[in-house]
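This report concerns only the one structure given below.
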Amino acid sequence: DAKTTQPNSMESNEEEPVHLPCNHSTISGTDYIHWYRQLPSQGPEYVIHGLTSNVNNRMASLAIAEDRKSSTLILHRATLRDAAVYYCILRGPNTDKLIFGTGTRLQVFP
Amino acid sequence: NAGVTQTPKFQVLKTGQSMTLQCAQDMNHNSMYWYRQDPGMGLRLIYYSASEGTTDKGEVPNGYNVSRLNKREFSLRLESAAPSQTSVYFCASSEEWVNYEQYFGPGTRLTVT
């Protein structure tokens, strides 16, 4: 399974945009990029996923580099509720397995 | 919809005791999963069930058994608990087993002394 590399932690102020990076230099052409987040004392929740094109949904945007070796999760206006561990996960097209790394712990300050 | 529910929320076992963690989902999902999360770590897949009637091993299956009782329910059994199984256990479900988002339950915090 291809691996991802994320910073251990990041900080942001409330209402500012946050860009969470993820490197995945060994990604294969058919791997999807998934993002999940885990709020304190809760199970993970799905955020967004994409293959090649940038993706937007009500929670966030996903910007994928042209060579697909990196991606960035964008929270347009951070809120206190966005403080969580964010996991960037690669998932093959014919597998249901999510391989979690240690993620990025995002702190949001008022 | 309740989504994914897990019982119990907390459990303390002595080494060698057995127990079953229960998981149910009301979203009519075909696939279900069991993960464990140790302190400061990401989640690791224990077992999964791609569809009713099938189960497969994940990354860390040793010491566990599972049963897909019906489409809604997927249980995880520890036959002889060990301190190394102290962890938080999460159940998840997804519509299909290929590239659909997974929905997670709130977790069961298990301590084995």
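Order of the sequence lines sets the chain letters (A, B, ...), proteins ahead of strands, with each chain counted from 1.
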Proximal component of B/Tyr103, with respect to chain A [non-hydrogen, under 4.5 Å]: neither

Side chain from CB out, backbone as N, CA, C, O: work out which of these in B/Gln6 comes under 4.5 Å of a heavy atom of chain A, or both, or neither.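 For B/Gln6, no heavy atom lies under 4.5 Å from chain A.
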
Is there a donor-acceptor pair under 3.5 Å between the side chain of B/Asn30 and the backbone N or O of B/Glu95?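 Answer holds: yes.
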
One thing to verify: whether [Y] and [X] come together as a salt bridge, which I'm taking to mean a side-chain N less than 4.0 angstrom from a carboxylate O.
{"X": "B/Glu79", "Y": "B/Arg77", "value": "yes"}
{"X": "A/Glu15", "Y": "A/Arg77", "value": "yes"}
{"X": "A/Glu45", "Y": "A/Arg37", "value": "yes"}

Tell me which of these, A/Gln38, A/Gln42, A/Arg105, has more heavy-atom pairs under 4.5 Å with chain B than the rest.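 Ranked by contacts with chain B, first place is A/Gln38.
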
